[in-house]
Amino acid sequence: MLDTITLERLYQRVRQAIPPVEWPVFADDIAAILALKQARNAVILAHNYQTPEIYHCVADITGDSLALAREAAKTAARTIVLAGVHFMAETAKLLNPDKTVLIPDLHAGCSLAGSITAADVRLLRQRYPGVPVVSYVNTSAMVKAESDICCTSGNAKRVVESLGVSRVIMLPDEYLAQNVAAETGVEIVAWRGHCEVHERFTASEIRSLRAEHPGIVVLAHPECPPDVVAEADFAGSTAAMSNYVATKHPARVVLMTECSMSDNVALEHPETAFVRPCNLCPHMKRITLSNIRHALETMTHEVTIDPRIAVPARRAVERMLAA
Ligand code: 13P
Ligand code: SF4
């Protein structure tokens with residue numbers, strides 16, 4: 001088990017976010033998880049929306065969906081624990097068919113991934129013959145298997161432009177599609193899926209924040225509605241927002257995205273003041289230290305994908321990584 005000096009060093013990373021009274025509850029699970037990772041030859045990939053005790057104390061790799069997919073493709077570990085939502089674990093499995101990929105809670109879904117089925121994609125293809133299908137990674141493996149190529153919020157513009165066509169089907173996020181269409185000359189046929197976290201932000205909320213905090217820098221995720229993105233100073237993936245704070249050191253910032261993201265970035269940038277409207281993703285919040293520990297103790301829940309789905313789905317993800 002971990003010595004008290006190592007645990008104290010970990011606490012120093014998160015002490016601005018976790019009160020001392022709560023730490024002993026976390027410390028027990030953290031010590032167990034770090035030992036289990038070694039015993040199981042496991043890595044923990046954690047999305048930027050995971051809570052600080054996961055993100056800063058047990059994760060080996062953190063990042064946006066694109067970084068997690070890239071790192072999943074590179075890891076030498078035998079076991080991957082995906083601290084994030086189910087489509088992220090499926091993407092890691094697609095890129096590592098011979099490894100064990102675990103998700104601590106099988107019900108960690110996503111409103112975007114849940115908004116479209118493989119049958120819907122087949123109908124779209126019938127309706128728009130010959131138009132390529134670009135699927136956001138926030139989709140099931142079955143939907144990816146019906147797609148030509150995947151994209152994330154970090155590379156959507158590049159992926160769409162890489163196809164060299166005048167019209168694409170981009171699904172399932174209507175707002176991401178509209179935001180990408182505004183940046184490219186490509187006509188985009190969109191689906192009506194929305195992220196239940198980002199659709200709640202409004203342009204008038206940004207105007208109120210600017211009135212209340214003059215000079216505040218507003219960063220928005222491209223899953224936000226287009227009028228929110230238009231009102232923001234910058235729009236980009238979770239990694240791009242984090243990078244903006246790291247490189248531009250704004251005095252005061254607001255991230256129009258899931259609220260643990262601000263907690264994590266604020267811990268790394270005490271020079272920046274964060275205004276935090278809190279929209280939580282209930283799916284991301286299903287992942288906890290205690291179910292990560294349980295996942296490693298019991299080697300559950302293992303993500304499996306039927307090879308008939310995995311082969312075409314992997315092709316769409318790998319084509320994205322090569323774009
Ligand atoms: P990123 O790829 O920008 O991290 O976004 C993933 C996600 O689920 C945003 O809601
Ligand atoms: Fe899905 Fe939105 Fe949650 Fe991201 S924040 S996992 S897009 S519901």
Side-chain angles (χ1 to χ4, degrees), residues 47-50 55 62-68 84-85 110-112 115 136-138 151-160 170-184 188 190-266 268-269 272-285:
H47 185 259
N48 290 329
Y49 295 162
Q50 292 296 294
Y55 183 95
T62 55
D64 64 358
S65 312
L66 184 59
L68 296 185
V85 291
C110 166
S111 66
L112 282 169
S115 73
Y136 198 27
V137 282
N138 300 40
C151 73
T152 74
S153 58
N155 63 12
K157 179 172 180 277
R158 178 154 41 94
V159 165
V160 166
M170 190 173 177
L171 52 88
D173 188 343
E174 181 181 29
Y175 297 146
L176 179 72
Q178 289 169 345
N179 288 324
V180 171
E183 288 186 357
T184 63
I188 298 190
W191 186 250
R192 298 287 288 274
H194 298 139
C195 163
E196 68 190 82
V197 176
H198 292 91
E199 71 177 351
R200 278 151 56 197
F201 292 109
T202 63
S204 77
E205 189 179 355
I206 298 184
R207 289 190 288 274
S208 304
L209 283 164
R210 289 198 196 280
E212 206 181 320
H213 307 280
I216 194 167
V217 174
V218 180
L219 312 184
H221 194 277
E223 288 171 12
C224 292
D227 60 335
V228 171
V229 167
E231 199 78 39
D233 298 299
F234 172 82
S237 76
T238 56
M241 285 190 270
S242 180
N243 193 39
Y244 185 105
V245 176
T247 53
K248 303 216 188 278
H249 309 288
R252 189 177 296 274
V253 75
V254 59
L255 310 183
M256 311 304 278
T257 193
E258 211 269 352
C259 51
S260 291
M261 167 98 190
S262 297
D263 296 339
N264 291 328
V265 182
E268 285 164 351
H269 298 286
T272 295
F274 283 74
V275 174
R276 306 180 200 206
C278 192
N279 286 353
L280 275 175
C281 173
H283 312 290
M284 288 279 179
K285 290 319 65 118

For a side chain to side chain contact (heavy atoms under 4.5 Å, CB included) check, start with the C-alpha distance between Arg210 and Ile216, then their side-chain angles and the critical distance, and finish with the verdict. CA-CA 6 Å; Arg210 289 198 196 280; Ile216 194 167; 4.3 Å; yes

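- Once rounded to the nearest 0.5 Å, the distance linking CG of Asp227 with CZ of Phe201 reads 13.0 Å.
- In the model, His249 has no side-chain atom that pairs as donor or acceptor with a side-chain atom of Thr272 under 3.5 Å.
- Residues His47 and Thr238 have side chains in contact (heavy-atom distance under 4.5 Å, counting atoms from C-beta outward).
- Within the 4.5 Å cutoff, the side chain of Asn264 has no heavy atoms near those of the Asn48 side chain.
- Under the 3.5 Å distance criterion, the side-chain polar atoms of Asn179 are matched with a main-chain donor or acceptor of Tyr175.
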Give the intermediate values and the outcome of side chain to side chain contact (heavy atoms under 4.5 Å, CB included) for residues Met241 and Val265. CA-CA 9 Å; Met241 285 190 270; Val265 182; over 6 Å; no

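- Nearest approach of Val253 to Leu255, heavy atoms of both residues: CG2-CD2, 4.1 Å.
- Nearest heavy atom pair, residue Ala220 against residue Cys224, reads CB-SG, 4.3 Å.
- The structure places CE of Met284 at 12.0 Å from SG of Cys259, a figure rounded to the nearest 0.5 Å.
- Between the side chains of His221 and Glu258, not a single donor N or O lies within less than 3.5 Å of an accepting N or O.
- The side-chain heavy atoms of Tyr55 and Asp263, taken from C-beta on, include no pair separated by under 4.5 Å.
- At a cut-off of 3.5 Å, with distance as the only test, no side-chain donor of Ser65 or Tyr136 sits close to an acceptor on the other residue.
- Annotation: side chain of Pro222 is not in contact with side chain of Val180 (no heavy-atom distance under 4.5 Å).
- With Cys110 as the fixed residue, the side-chain contact (heavy atoms from CB on, under 4.5 Å) test singles out one of Asn138, Val137, Val197: Asn138.
- For Arg192, the CZ atom is loosely surrounded, since the number of other residues' heavy atoms within 6.0 Å does not exceed 12.
- Pairing each heavy atom of Ala232 with each of Ile206, the nearest pair is N-CD1, 4.3 Å.
- Contact check for Val275 versus Leu209: side-chain heavy atoms found under the 4.5 Å cut-off.
- Once rounded to the nearest 0.5 Å, the distance linking NE2 of His283 with OG of Ser111 reads 5.5 Å.
- Screening Arg200, Glu174, Glu223 for a side chain to side chain donor-acceptor pair (under 3.5 Å) with His194, the sole residue that qualifies is Glu174.
- Side-chain N or O atoms of Asp233 include none that pairs as donor or acceptor with a backbone N or O of Leu219 at under 3.5 Å.
- No side-chain heavy atom of Val85 sits less than 4.5 Å from a side-chain heavy atom of Tyr49.
- The side-chain heavy atoms of Leu176 and His198, taken from C-beta on, include no pair separated by under 4.5 Å.
- One finds the OG1 atom of Thr257 at 9.0 Å from the CG atom of Asn279 (value rounded to the nearest 0.5 Å).
- Between Leu112 and Gly193 the shortest heavy-atom distance is CD2-C, 3.7 Å.
- Remark: Arg207 CZ to Thr202 OG1 distance equals 7.5 Å, nearest 0.5 Å.
- Residues Ser260 and Gln50 approach most closely at CB-O, 3.7 Å, considering heavy atoms.
- From Met261, atom CE reaches atom CE of Met256 across 13.5 Å, with rounding to the nearest 0.5 Å.
- Residue Glu196 comes nearest to Pro282 through the heavy atom pair OE2-CG, 3.4 Å, listed as atom of the first residue, atom of the second, then distance.
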